[in-house]
Amino acid sequence: MFYTSTRDNSIKLTASEAVLKGLSDDGGLFVPSEIPSLSKSLKEISEMDYKETAYTVMKDFLFDYTEEELRSCIDKAYDAKFDTEEIAPLVEAEGVYYLELFHGKTIAFKDMALSILPHLLTTAAKKNKSDKEIVILTATSGDTGKAALAGFAGVPGTRIIVFYPKGGVSKVQELQMVTQKESNTKVIGVKGNFDDCQSKVKELFNDSALKEQMAAAGFQFSSANSINIGRLVPQIAYYVYAYGKLLKEGRITDGEKINICVPTGNFGNILAAFYAKNMGLPVNKLICASNDNKVLFDFFKEGVYDKNREFILTDSPSMDILISSNLERLIYLCIGCDDKANKSLMEHLKTDGVYSIKESFGKVKDQFVGEYADWADSSAKIKSLYEKTGYVIDTHTAVAAASYDKYVKATGDTTKTVIASTASPFKFARSVMKAIDPVYAGEEDFKLIDILSKTANVEIPGAINEIRTSPVVHDTVVEISDMKKAVMDNIGI
Ligand SMILES: *Cc1c(COP(=O)(O)O)cnc(C)c1O
């Protein structure tokens, strides 16, 4: 097994090399040459705790990490930073299983991978005898930024620069980032949307003159976005874990298929579920839920990806994305791992904003279902779920839950379903409380957090209390065209 690029099959890297590099020089993403099968039975997995499941899943993808190295990374990641011993608990409501992925330090699912990525990366640097300081360049739609900052803050041999769309994230998301203290961190607002930030960051990764200049000064880029395979692999683990828990609790029988429904933006989380399925996890449908930026919903209808449309700012900002980077990994598989054809499709996307894989679409059509929910649907779902069960979900999870309801209505499918619950409602308290009752619309943000705590009968997470009083330390805002200069200034070249 090795890692190759979706745009150049002559590339062959080890897992640690792929993690360290982040993105291929040709602009492609690293993909495993094969998807390994689960090495343990479902029954055995059902007896495992989170860490053991993570090890079982990850070891076959990260094949050149020793057992000691990988277990050490896992131990350092999934510890008391999480506020629950289960790491990723399953909560049943209205017969659906919500897989709560937001119990980490920054209360979004990004913590599941970004708690471990810094360890995977620094281990990879050691293994590959890299003596350069790693510069993590990250574009965020709101949650990756803080999770990456928390993961890399104070990690020797690394520094991290985060770009976020100014005005395109929630108040809590912004405060979480701009109050980050450690001196190896830099947070910069961009006058543009997430796609602008991500496209520019990818461009900087491929800027060979810049890379040479950096190398001469002792620096090397890597990525904390889900374009890094080191982000994707840890995410596969929680789907396998969820299946194990359902089996252990007798909610499903051994081998019974489940649906997995994921609120989707950059297509990283649901791609991890797809990898889990292809490792042998019994999965019926992967339900890809979008908000108003429903480019993926349209794609799954007939295999045409068309980003030429208005970018809509929604109440689920972490899904406000029109260029879903990780879809490239799926497209590459669909078209028979044809690197040249994939490269040409991605060039079309860049120049015309559109591509079609109509002819090869059959391969994924049966595995995925696209759905979407606008604010009317998802806010109604937050309200009705709360009123019926007392359970409060965040706005992103609500997009998935409302999309799932639409799917069931359309198909009558009774397969047991896991919904990825991707953020704590406290991160989006304003929108969540507005959904429950418009009377709260005028309240101040931290007041709403107190009200939410009483409404949901859930303690306010530490991540929120942290930002109530922390001073703002990052206030730089730049034009998209000045992002490169901001990076060069930060590293002093
Ligand atoms: C990032 C994020 C998503 C989208 O996940 P992708 O892997 O980008 O598809 C959904 N919900 C929340 C809360 C997020 O932070």
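Whatever order the structure lists ligands and atoms in, that order sets their numbers, starting from 1. Computed from a predicted model, the values in this text were never measured in an experiment.
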Derivation of the side chain to side chain contact (heavy atoms under 4.5 Å, CB included) call for Arg231 and Lys110 = CA-CA 9 Å; Arg231 266 265 315 258; Lys110 305 295 197 294; 3.2 Å; yes
key: Note: Lys383-Glu387 ion pair, threshold 4.0 Å (strictly below)   = yes
query = Are any of the side-chain nitrogens in Glu371 or Lys294 under 4.0 Å away from the carboxylate oxygens of its partner?
reply = no
Aromatic contact, Phe297 with Tyr372 (centres under 6.0 Å) = yes
request  = Run through ligand 1 for me and note each protein residue having a heavy atom under 4.0 Å from it, chain first, then residue number.
outcome  = Phe109, Lys110, Asp143, Pro263, Thr264, Gly265, Asn266, Phe267, Gly268, Asn269, Ser318, Met319, His396, Thr422, Ala423
request  = Would you please name every residue forming a salt bridge (charged side-chain N to carboxylate O under 4.0 Å, His left out) with Lys381, sequence neighbours left out?
outcome  = Glu94, Asp405
request  = List the steps, then state whether side chain to side chain contact (heavy atoms under 4.5 Å, CB included) holds for Ser223 with Phe205.
outcome  = CA-CA 9 Å; Ser223 168; Phe205 274 122; 3.5 Å; yes
